[in-house]
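What's counted below: heavy atoms across the whole structure, side chains too, no hydrogens, waters or symmetry copies. Just follow the structure's listing: the first ligand is 1, and inside any ligand the first atom is 1. The chain is numbered in sequence order, starting from 1.
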Amino acid sequence: MAVNASFTSPRADASYVTPYEGGIVGAVIDATNGWTIVLTLLCLAVGYDQFKYIWNKGSIVGPAWKIPFIGPFLESVNPKFEKYHEKWMSGPLSCVSVFHKFVVIASTRDMSRKIFNSPSFVKPCVVDVAHKLLRPTNWVFLDGKEHVDYRKGLNGLFTRQALELYLPGQEETYNRYFMHWLDISQKQNNGKPVPFMTHFRELMCAVSCRTFVGHYMPDATVKKIADDYYLITAALELVNFPVILPFTKTYYGKKAADVVLKEFAKCAAKSKARMAAGGSITCILDGWVKHMLDSEDYRQKVASGAETNPSEKPSMLIRTFTDFEISQTLFTFLFASQDASSSACTWLFQLMADRPDDLDRMREENLRVRNGDRNAPLSMDLLESLTFTRAVVKETLRYRPPVLMVPYVAKKPFPITDTYTVPKGSMVIPTTYPALHDPEAYPNPDSFEPERWISGTAENHPKNWLVFGTGPHYCLGQTYAQLNLAAMIGMASLKLDWKHEVTELSEKIKVFATIFPQDDCLLTFSERS
Ligand code: HEM
């Protein structure tokens, strides 16, 4: 051994102790520890994430690479209108990738319409937490024929005849809140302007609850739901942690949603009892319950073999829904209307205060159609004859569309153009703002001009009117929403004076699900004699 040892050259020794004895794989294994495994996997994941993004992006506009994993997540936590606008201007189709979600944004009218009208390729995409708040069995998550059939059963609740029945409840709510605003301005703040955005949100919630469930919900409960509703909006951020952790936004949002569902279910039980006893329709819930009762009566009559008259058959036979099913559906109405209506209401008051000539014209019209009696009750005929007031509402919705973008998801590869296919599973988002600010359809688009809806050419471009979407999911409440806004601002113009404190933020847009003036609209209300 000793001879061998002394005889062996240093090189021979070196080769004897070489780490390459087991070959390259052995060397790698020898050198590997926990950290290198983690680092290698991380590098592979980053590489895959980048590759996947670039592959999905294909020929459309988007950042050359993405911030590893999170993408522009931090921007989406605090979305800025200007950033959105920049994105829309970057190309007809653009993209980003946030975490694992690849998002395609369509900015032209035709591209947006194509998405809205391609139900075989896309379906509405709600953020994951919406399933937990609205419950997974909610009708809004239905797709295709099931969705169409369910929706048909709700259409009757929004006909002209039905909308007329809800007007007294709306009128009563407006009058109550006008008094409340006077109190806020004159008594609580001595005529000093204060932000009114949250008060408008409360009014919109109260008027929705009154329209949807009438007097079945006590005023104190309406107030609680209105106060807490912003927790639901705040929980519905585009990107959320998949599990609801205690004391987070989603936790508080879920708690607020549970209260709404419980209260609407109680209202359903009360309406069923009242309508079965022959009560008259005062709200959407009553209308729906009556339709269920009439359907059931008809079915039983047919089953018993009794003779039936074709006029007895309801326009559509629907099944009897449970209190909780009814509650889930009513919640979708509140969910769909609350933020959008609050946005429109805030801009309406601000725009009218800043344009006294338009406000005067609206006052004159409202007094005229009421034959000089400012307390004359609302009716559908009256609302339909408010040509200028309705043009003001339309122009507000065009100038400041509450819903900027409507997220959809690609159910399968979606060939949106000849050269680009949206990958399956991507979020694909039609936008409304660019079509509504298209100078070809609306000359001078950044100017507020209600007259364009009366003597101008705005009505000649129905394809640009994307305020309420289009296609199978277009807004179910669009007629109600516009008449409701016209009724409110018309009544306010006769009963109230209001002054707006203009700040440099008043015309700037804040995004909170929908859009609001950045200074939350500083107003003072006073009584109009
Ligand atoms: C100014 C107020 C409103 C605006 C701007 C608005 C806008 C929209 C938009 C953009 C959509 C998506 C349409 C699509 O995907 O094609 C929508 C859907 C919907 N809206 Fe509205 N909305 C408003 C008020 C209301 C009100 C008051 C109600 C209920 C009474 C309502 C009920 C719904 C429902 C149920 C859907 C989903 C329809 C479906 O998936 O079939 N909305 N709305």
Side-chain angles (χ1 to χ4, degrees), residues 106 112-119 122-126 130 134 138-159 162-163 166 169-170 200-201 203-213 264 283-285 287-288 328-348 390 392-409 427-433 435-436 465-489 513-516:
S112 293
R113 292 188 68 85
K114 184 151 185 190
I115 300 168
F116 280 126
N117 288 307
S118 297
V122 298
K123 61 176 184 180
C125 167
V126 281
L134 298 171
N138 201 307
W139 81 280
V140 276
F141 305 128
L142 296 176
D143 188 30
K145 187 175 172 334
E146 274 186 312
H147 166 258
V148 173
D149 288 346
Y150 196 101
R151 207 182 136 123
K152 271 192 203 151
L154 301 174
N155 282 339
L157 307 175
F158 295 93
T159 58
L163 294 181
Y166 317 142
Q170 285 156 23
F200 293 143
R201 287 180 70 86
L203 166 70
M204 284 297 122
C205 190
V207 84
S208 291
C209 287
R210 186 60 74 238
T211 308
F212 303 159
V213 297
F264 278 163
C283 59
I284 284 185
L285 173 57
W288 198 18
Q328 286 180 64
T329 299
L330 294 175
F331 188 17
T332 63
F333 295 169
L334 187 63
F335 179 77
S337 69
Q338 174 60 11
D339 291 305
S341 305
S342 305
S343 160
C345 171
T346 309
W347 289 109
L348 255 180
R390 288 167 62 209
V392 164
V393 169
K394 267 200 115 164
E395 183 64 352
T396 304
L397 294 170
R398 182 203 69 79
Y399 179 69
R400 291 288 183 256
V403 181
L404 298 175
M405 300 191 267
V406 188
Y408 276 74
V409 61
M427 202 186 261
V428 49
I429 306 187
T431 55
T432 62
Y433 189 97
L436 293 160
W465 181 250
L466 291 181
V467 170
F468 296 98
T470 177
H473 290 275
Y474 79 88
C475 178
L476 187 61
Q478 63 168 315
T479 309
Y480 160 70
Q482 290 174 87
L483 288 173
N484 177 29
L485 290 166
M488 174 201 66
I489 199 75
T514 52
I515 59 171
F516 295 92

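Tyr150 and Thr329 are linked by a side-chain donor-acceptor pair at a separation below 3.5 angstrom, with hydrogens and angles left out of the test.
The nearest protein atom to atom 40 (O) of ligand 1, hydrogens excluded, is given as His473 ND1, 2.8 Å; this is a heavy-atom distance.
In this structure, Trp139 counts as a contact residue of ligand 1, since one of its heavy atoms falls inside 4.0 Å of the ligand. At least one heavy atom of Val406 sits closer than 4.0 Å to an atom of ligand 1.
Considering Tyr408, Phe333, Tyr474, Phe141 only, the shortest heavy-atom separation from atom 15 (O) of ligand 1 involves Tyr408.
Looking at heavy atoms from C-beta onward, Tyr480 lies out of side-chain contact with Ser337 at the 4.5 angstrom threshold. Leu476 places a side-chain heavy atom less than 4.5 Å from the side chain of Asn155. Side chains of Tyr166 and Arg210 form no contact here, defined as non-hydrogen atoms less than 4.5 Å apart. Between Pro124 and Val406 the shortest side-chain heavy-atom distance does not fall below 4.5 Å. Inter-residue side-chain proximity for Trp288 and Leu154 is flagged as met; some heavy-atom pair is nearer than 4.5 Å.
Counting heavy atoms under 4.0 Å from ligand 1, residue Thr332 does not touch it at all. Only the side chain of His147 comes within contact range of ligand 1, with a heavy atom under 4.0 Å; no backbone atom does.
At least one N or O atom of Arg151 sits closer than 3.5 Å to an N or O atom of ligand 1. For ligand 1, the polar-atom distance check finds no N/O of Tyr480 at less than 3.5 Å from any of the ligand's N/O atoms.
Between the Trp347 side chain and the Ile515 main chain, a donor and an acceptor come within less than 3.5 Å of each other.
Closest heavy-atom contact between Pro472 and His147: O-CE1, 3.3 Å.
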Using the side chain to side chain contact (heavy atoms under 4.5 Å, CB included) rule, take Gln338 and Met204 through it: C-alpha gap first, then chi angles, then the decisive distance, then the call.
CA-CA 6 Å; Gln338 174 60 11; Met204 284 297 122; 4.0 Å; yes
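Short contacts between ligand 1 and Val467, defined as distances under 4.0 Å to a heavy atom of the residue, involve ligand atoms 5 (C), 7 (C), 10 (C). Contact atoms of ligand 1 toward Phe212: 30 (C) (distance under 4.0 Å to a heavy atom of the residue). Interface of Phe158 with ligand 1, defined as ligand atoms under 4.0 Å from a residue heavy atom, comprises 30 (C).
Under the side chain to side chain contact (heavy atoms under 4.5 Å, CB included) test applied with Val467, the options Val403, Thr396, Leu436 reduce to a single match, Leu436.
Checked against a 6.0 Å centroid threshold, the rings of Phe158 and Phe333 count as neighbours.
Within the protein, the N, O or S atoms sitting under 2.8 Å from atom 21 (Fe) of ligand 1 are Cys475 SG.
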